[in-house]
Amino acid sequence: MSDTIRLKAGLDLPISGIADRLISRTVFPDSVSVKPTDFKGVVPRLTVSEGDAVLAGSPVFCDKLRPEMLFTSPASGTVESIVRGEKRKLLEIRIKCDGKGDAVRFDIPPLADCGKKEVTDALLKSGLWPAIIQRPYGIVADPSDTPKSIFISSFDSAPLAADWNFTLKDEFPNIQTAITALGKLTKGGIHVCLRRGEYAQAGFNRLEGVILHEVEGPHPAGNVGVQINHISPMAKGDKLWTVNMMLLPAIGKLFQKRVYDTSRLVALAGPKVNSPSYVRATSGLSIRDISGFFDRSSGDIRVISGNVLTGENVGLDGTLGFYDDTVSVIEEGNYREQFGWIKPFRLEKYSHSHTYLSSLFSKRKYDMDSNMNGGERTFVCNDIYSKVLPMDIYPVYLFKACIAGDVDRMEQLGICEVIPEDVALCEYVDPSKNPIQEIVQKGIDLMIKEM
Amino acid sequence: MAKYNRTHRLSPAFEKGGKFYWLHGAAEAFDTFLYVPGTVSKSGCHVHDCVDLKRWMIIPVIAVLPAVLFGMWNIGYEHFVALGQHAGFWPIVWYGFLKILPMYLVSYIVGLGIEFISSQLSGKEVNEGYLVTGMLIPAIMPVNVPLWMLALSVAFADIFGKEIFGGTGMNIWNPALLARAFLFFSYPSHMTGDKAWVAGVDAVSGATPLAVASAGGMHGLAESGYSMVGMFLGNIPGSIAETSTVAILIGALILIATGVGSWKIMLGSVLGAVAVGGLGNLLAPGASSPLAVPFYYQLVMGGFAFGTVFMATDPVTSCQTETGKWIYGFLIGALCVTVRLFNPGYPEGMMLSILLMNTFAPLIDHMVVDANIRKRMRRV
């Protein structure tokens with residue numbers, strides 16, 4: 001039925017606090033927010049002001065260059081505050097919920113009658129267009145493009161990530177509707193990657209109108225960028241679209257119920273969560289509303305929207321990002337460990353390298369924290385990065401080209417095939433502690449500027 | 001958590017504006033030597049592997065220890081043999097210890113001194129690279145090298161081999177080998193010949209197996225009493241830590257098991273040496289020709305094993321690509337034995353073949369990476 005891609009390189013991080021497959025609460029939020037910073041490649045222009053009433057699906061800002069691309073409120077209520085940062089950069093639009101759950105009813109023709117234009121328009125005005133991400137560069141797709149094909153990964157292999165086999169198991173009809181709708185946007189078909197041996201529960205293998213592939217291997221096997229590299233490697237000038245599987249139910253509900261509904265099951269996970277589990281919530285969920293789950297008994301904690309490799313440190317006052325369905329909580333590692341690097345055994349900490357004797361026999365999970373475990377140095381090692389990056393590129397050469405800002409070289413070395421999440425493990429294992437994701441993101445920003 | 005210290009911090013006297021700011025590079029190095037920095041991740045990954053460059057760099061230092069300890073014993077052993085005296089194990093080791101200690105003191109004091117000063121000037125943290133270099137430089141010196149020469153070579157290697165390129169990670173040539181090459185070309189009489197190798201004995205000639213083989217082939221080796229087993233174990237004259245292949249193999253196992261040293265480079269180098277050594281055997285006109293020395297002798301003579309395991313595998317100056325590592329390793333072994341067999345003037349080829357391949361490593365990598373780029377560009 002499908003081809004199998006076997007990946008060897010990679011690493012499943014042994015971090016403690018994986019979420020149990022149970023729903024411990026449904027969160028009825030006091031407030032939700034929309035963060036323009038979630039959306040790469042978008043210049044926001046506000047369309048509301050403080051005190052305005054909004055419904056679920058009402059636009060709160062749009063893209064300055066493509067004003068038809070709207071970004072909408074996940075719940076009904078009133079605009080409570082508009083948070084700006086340095087140089088008046090728009091950071092957050094916070095909405096006080098009224099708890100009524102009123103939603104905009106979108107005027108969309110039946111899906112069977114929809115063509116590319118109708119589907120595009122529906123997604124744009126509902127605020128769900130940003131679910132579509134363009135490769136190269138990992139930015140919100142341009143509605144005027146026609147992609148070569150669309151890629152969807154049906155599993156998130158990142159550490160502590162929500163298990164979509166569990167969270168999406170009742171969403172099959174909505175996902176199928178979304179696939180049918182997205183199918184009208186491309187002639188190249190929709191590629192869906194299944195994790196080998198682990199897809200039956202949510203039934204992703206029964207999806208129709210898709211090209212299925214099976215993928216086997218450790219993280220980042222679930223990253224869509226890695227899958228593209230093995231299935232349909234990008235050529236110069238190619239444009240592919242990718243959609244986060246977790247957002248497909250929202251797209252499905254848009255075409256079935258004609259509402260904007262980004263409710264999702266969110267995994268609360270990590271060493272500093274008491275009884276890690278799932279809560280039912282929506283995008284823009286305020287972290288305050290779930291802070292009862294956090295273990296703050298021993299020092300500062302770091303609350304991350306997303307996983308511990310690529311997520312954003314949002315803090316206790318932050319909110320869940322548009323693309324995230326995991327909240328990871330770890331301890332802040334602002335301590336000084338005595339004789340850390342010189343110990344023969346370092347039982348409390350994990351190393352992917354074999355430089356500690358403890359790595360030879362320990363199979364346990366670790367309470368990881370945010371300590372860097374070392375000072376920043378120049379790149380010295382060269383073969384450890386490709387051991388966690390199952391792609392046909394030379395990572396260190398690419399990183400150095402990004403640092404040098406050499407656009408031609410970056411392109412030759414494959415900057416178009418990666419986004420920061422794909423090289424996150426390289427950053428994790430790096431003994432020189434370079435900010436590799438930041439380096440790659442700056443390289444991508446430069447590419448966008450120069451092209 | 002009691003095991004972690006949340007209050008320890010460096011004295012403010014070392015911070016900018018403090019009384020001892022001029023020492024902050026050194027102070028910071030000592031401070032982070034004892035306590036892992038308390039910095040938390042600011043961008044990208046929120047968790048990091050517990051391996052850092054200090055840990056990475058301490059592994060080669062540990063790996064080279066068996067060879068150095070054996071060298072220490074061997075210095076004393078060769079000394080007493082040359083004098084025709086019999087001595088117990090501890091007097092032999094003590095003699096070697098007294099010879100080796102000042103060399104290591106000079107190596108680390110001069111080298112780390114330069115590192116501290118350059119870190120102070122550049123404002124960067126002290127890099128751990130010198131931990132390894134400082135261990136390797138005395139290990140590849142003849143025991144009779146004067147300490148001032150050692151100091152000079154360390155300074156040359158550190159400043160011109162590393163710091164002017166931007167420090168560890170930016171250098172082109174292996175700094176330890178550069179130190180030896182510097183002395184070799186500046187003071188050849190102290191670095192070669194028969195006098196350099198046996199400590200404390202002026203009149204006695206202690207020709208190394210390489211010199212003997214170069215002059216008299218298998219006949220020479222047999223007359224001098226150098227056997228395969230003896231050279232494998234290492235109680236022969238030679239640079240301090242290079243003589244015992246057994247001790248070096250222990251180091252190789254440590255490097256390969258920890259993943260710090262590339263086994264591809266090591267195996268490539270051995271294959272290269274065997275290929276050229278075997279070719280020499282086929283061409284050998286007679287048993288007294290250096291070509292007739294069996295190819296497996298090449299693996300245990302001179303600095304081949306030490307260079308292959310500890311020098312060629314330097315992650316900074318070797319090839320960076322996996323394919324390139326095979327080519328680079330093979331050429332090092334092949335060139336080394338080529339110099340040994342076909343160059344009558346100078347019997348040891350390891351130092352120069354590694355330095356030459358250091359120079360060409362970027363070119364090899366360029367070709368490998370270019371193939372990847374061409375593959376990418378061909379996609380339609």
Side-chain angles (χ1 to χ4, degrees), chain A residues 13 15 233-236 298 302 304 308-309 311 313 330 332-342 346 348-356 368-375 377-383 392-394 396-397 412-414 420 424 427-429 431-433 435-438, chain B residues 1 3-9 32-59 124-125 127-129 166-170 257-260 262 315-316 318-322 325 365 368-369 372-373 375-380:
Chain A
L13 211 60
I15 179 169
M234 308 262 299
K236 194 176 160 74
S298 61
R302 174 178 292 213
I304 300 154
V308 291
L309 293 177
N313 179 6
I330 59 173
E332 278 293 2
N334 49 1
Y335 54 80
R336 305 290 305 267
E337 187 187 358
Q338 196 166 17
F339 298 128
W341 62 278
I342 211 164
R346 207 168 177 186
E348 326 80 49
K349 298 219 170 191
Y350 174 73
S351 179
H352 178 53
S353 75
H354 295 158
T355 53
Y356 293 94
M368 297 184 181
D369 57 49
S370 66
N371 192 289
M372 295 288 284
N373 293 316
R377 299 288 184 271
T378 46
F379 282 104
V380 168
C381 309
N382 50 52
D383 60 344
D392 183 24
I393 64 173
Y394 282 100
V396 180
Y397 285 85
Q412 289 172 348
L413 289 165
E427 181 173 326
Y428 173 81
V429 300
S432 301
K433 314 291 176 190
I436 289 172
Q437 292 185 75
E438 196 180 302
Chain B
M1 272 193 271
K3 60 181 184 269
Y4 296 140
N5 190 327
R6 284 184 192 277
T7 51
H8 170 86
R9 62 190 283 262
T32 56
F33 191 89
L34 297 175
Y35 292 92
V36 176
T39 43
V40 295
S41 55
K42 287 185 280 295
S43 75
C45 289
H46 299 278
V47 293
H48 282 81
D49 198 288
C50 75
V51 66
D52 63 352
L53 213 58
K54 283 189 173 63
R55 182 69 184 186
W56 201 263
M57 290 297 189
I58 200 74
I59 299 290
K124 287 183 194 156
E125 283 181 53
N127 196 304
E128 292 75 15
T168 305
M170 309 288 190
T258 53
V260 172
S262 166
V316 176
S318 65
C319 270
Q320 312 282 304
T321 57
E322 298 306 296
K325 279 173 188 169
D365 281 334
V368 174
V369 173
N372 176 270
I373 290 173
K375 200 162 114 191
R376 182 167 293 111
M377 292 298 148
R378 271 203 303 271
R379 286 175 195 158
V380 184

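Proteins come first, then strands; the chains are lettered A, B, ... in the order of their sequence lines, and each starts at number 1. Scope of the values below: all heavy atoms of this structure, side chains included, with no hydrogens, waters or symmetry mates.
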*Asks:* Does the side chain of A/R302 pick up a donor-acceptor pair with the side chain of B/S41 at under 3.5 Å?
*Replies:*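 A donor-acceptor contact under 3.5 Å links the two side chains.
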
*Asks:* Pick whichever of A/S370, A/S353, A/G374 has the most heavy-atom pairs under 4.5 Å with chain B.
*Replies:*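 So the answer, after comparing A/S370, A/S353, A/G374, is A/S370.
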
*Asks:* With a 4.5 angstrom heavy-atom cut-off, is it the side chain or the backbone of B/I373 that approaches chain A, or both, or neither?
*Replies:*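 Both the backbone and the side chain of B/I373 come within 4.5 Å of chain A.
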
*Asks:* Given a strict heavy-atom distance threshold of 4.5 Å, which part of A/I330 is in contact with chain B: side chain, backbone, both, or neither?
*Replies:*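 For A/I330, the contact with chain B is made by the side chain alone.
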
*Asks:* Donor-acceptor pair, distance only, cut-off 3.5 Å: does the side chain of A/R346 make one with the backbone of B/C50?
*Replies:*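 Confirmed, A/R346 side chain pairs with B/C50 backbone.
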
*Asks:* Should B/K42 and A/E438 count as an ion pair when the cut-off is N to O under 4.0 Å?
*Replies:*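 Salt bridge: no.
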
*Asks:* Side-chain contact, heavy-atom cut-off 4.5 Å: A/V380 with B/M57?
*Replies:*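 Yes; the side chains approach each other to less than 4.5 Å.
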
*Asks:* Please look at B/V47 and chain A and tell me whether the side chain, the backbone, both or neither of the residue comes under 4.5 angstrom of a heavy atom of that chain.
*Replies:*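 Both backbone and side chain.
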
*Asks:* Identify which of A/D392, A/I436, A/L13 forms the greatest number of heavy-atom pairs closer than 4.5 Å to chain B.
*Replies:*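 Maximum pair count with chain B is reached by A/D392.
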
*Asks:* Under 3.5 Å, is there a donor-acceptor pair between the side chain of B/N372 and the main chain of A/Y394?
*Replies:*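 The answer is no, because no donor-acceptor pair under 3.5 Å joins these two groups.
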
*Asks:* Quick check on the interface: out of A/V396, A/N371, A/D383, A/I342, who has the most heavy-atom pairs with chain B under 4.5 Å?
*Replies:*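 Counting heavy-atom pairs under 4.5 Å, the top option is A/N371.
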
*Asks:* Could you work out, with ring-ring contact (aromatic ring centres under 6.0 Å, His included) as the rule, every residue matching A/F379, not counting sequence neighbours?
*Replies:*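 With neighbours one apart ignored, the set is A/Y385.
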
*Asks:* Check whether any side-chain heavy atom of A/Q412 sits under 4.5 Å from a side-chain heavy atom of B/M377, and report yes or no.
*Replies:*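 The answer is yes, as the side chains (C-beta and beyond) meet within the 4.5 Å cut-off.
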
*Asks:* Between the side chain of B/R379 and the main-chain N/O of A/P233, is any donor-acceptor distance below 3.5 Å?
*Replies:*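 Flag not set: sc B/R379 to bb A/P233 has no pair under 3.5 Å.
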
*Asks:* Side chain to side chain contact (heavy atoms under 4.5 Å, CB included), that's the test. Do A/W341 and B/V51 meet it? Break it down for me.
*Replies:* CA-CA 7 Å; A/W341 62 278; B/V51 66; over 6 Å; no

*Asks:* From B/C45 SG over to A/Q437 CD, what is the distance, rounded to the nearest 0.5 angstrom?
*Replies:*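 Answer rounded to 0.5 Å: 4.5 Å.
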
*Asks:* Short question: side chain of A/N373, backbone of B/H48 - any donor-acceptor pair under 3.5 Å?
*Replies:*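 Pair found, side chain donor or acceptor close to backbone of B/H48.
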
*Asks:* Tell me, side chain or backbone of A/I304 under 4.5 Å from chain B's heavy atoms, or both, or neither?
*Replies:*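 Side chain of A/I304 only, per the 4.5 Å heavy-atom cut-off to chain B.
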
*Asks:* Is the backbone of A/H352 close enough, under 3.5 Å, to the side chain of B/D49 for a donor and an acceptor to pair up by distance?
*Replies:*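 Indeed, once roles are kept as given, a pair shorter than 3.5 Å links the two residues.
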
*Asks:* Testing the basics here: between A/N382 and B/C319, what is the closest heavy-atom pair and its distance to 0.1 Å?
*Replies:*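 Minimum heavy-atom contact is ND2-O, 3.9 Å.
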
*Asks:* Is any side-chain heavy atom of A/F339 closer than 4.5 Å to one of B/V36?
*Replies:*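 B/V36 does not reach A/F339 side chain to side chain.
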
*Asks:* Between the side chain of A/T378 and the main-chain N/O of B/T168, is any donor-acceptor distance below 3.5 Å?
*Replies:*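 Pair found, side chain donor or acceptor close to backbone of B/T168.
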
*Asks:* Indicate yes or no: at least one non-hydrogen side-chain atom of A/R377 is less than 4.5 angstrom from one of B/E128.
*Replies:*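 The answer is yes; the side chains approach within 4.5 Å.
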
*Asks:* Tell me, for B/L53 versus chain A, whether the close heavy atoms (under 4.5 Å) come from the side chain, the backbone, both or neither.
*Replies:*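 For B/L53, the contact with chain A is made by backbone and side chain together.
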
*Asks:* I'd like to know if the side chain of B/R55 reaches the main chain of A/T355, judged simply by a donor and an acceptor atom lying under 3.5 Å from each other, with no hydrogens or angles considered.
*Replies:*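 Yes, because the side chain of B/R55 sits within donor-acceptor range (under 3.5 Å) of the backbone of A/T355.
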
*Asks:* Sort out for me which of A/K433, A/M372, A/M368 touches chain B most, counting heavy-atom pairs under 4.5 Å.
*Replies:*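 Of the options given, most contacts go to A/M372.
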
*Asks:* Who are the ring-ring contact (aromatic ring centres under 6.0 Å, His included) partners of B/W56, not counting sequence neighbours?
*Replies:*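 Not a single residue meets the ring-ring contact (aromatic ring centres under 6.0 Å, His included) criterion with B/W56.
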
